[in-house]
Amino acid sequence: MYSKYKAMVLSCIDPRFQPIVFNYLNKKKLKGKYSSFTIAGSAIGVTSLKFKKWHKTFWDNLETSIKLHKIKKLIVINHQDCGAAKILNGKREFQKYENQIHKESFKKIKKIFKKKHPKLKIETILISLNKKIHKI
Ligand SMILES: [Zn+2]
């Protein structure tokens with residue numbers, strides 16, 4: 001069985017989370033129905049000024065996938081213990097700021113996405129280290 005819509009999935013390059021993301025999308029019946037865009041930090045990589053050079057590439061690819069594959073939804077998957085979040089955090093206590101960094105990246109990506117594509121949907125997910133999926 002397949003999902004009725006196609007999606008683009010934005011996720012992080014971290015090897016530990018590839019099977020979790022893959023299994024989650026299979027469960028959602030999205031096998032063969034999504035484009036994959038994988039970049040360090042996922043939403044952090046495409047919104048934080050630390051990684052400014054990457055932003056345009058993401059939005060251009062999203063644009064292309066919307067045109068070519070008629071996608072209707074962007075699924076954004078961040079994860080805990082992310083190296084990109086640590087780079088952004090700098091010398092502050094990571095445990096204290098980690099969730100805030102993810103939430104801010106979700107807020108930013110939603111704002112830009114809704115402005116560019118008001119008719120399309122966006123979903124933001126954080127995977128914890130114990131492999132649990134949290135919709136945010
Ligand atoms: Zn990561």
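Both ligands and their constituent atoms are indexed starting at 1 by order of listing. No experiment lies behind these values; they were computed from the predicted model shown.
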- Check which protein N, O or S atoms are less than 2.8 Å from the Zn ion (ligand 1) and report how many there are.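 Of the protein's nitrogen, oxygen and sulfur atoms, 3 lie under 2.8 Å from the Zn ion (ligand 1).
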- Considering residues, nucleotides and ligands other than Lys103, do more than 12 of their heavy atoms fall under 6.0 Å from its NZ?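 It does not: Lys103 NZ has 12 such atoms or fewer within range.
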- Message: So for atom NZ, which belongs to Lys86, do other residues, nucleotides or ligands contribute more than 12 heavy atoms lying within a distance under 6.0 Å?
- Response: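 Yes, enclosed.
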To the closest 0.5 Å, what do you measure between [atom1] ([X]) and [atom2] ([Y])?
X	Y	atom1	atom2	answer
Ile39	Cys12	CD1	SG	9.5 Å
Ile136	Asn78	CD1	CG	8.0 Å
Ser128	His79	OG	NE2	12.0 Å

- Contact list for residues 89-113, test ring pair (Phe, Tyr, Trp, His ring centres under 6.0 Å), sequence neighbours left out: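 As it turns out, the ring pair (Phe, Tyr, Trp, His ring centres under 6.0 Å) pairs with a partner in residues 89-113, which skip direct neighbours, are Phe113-His117.
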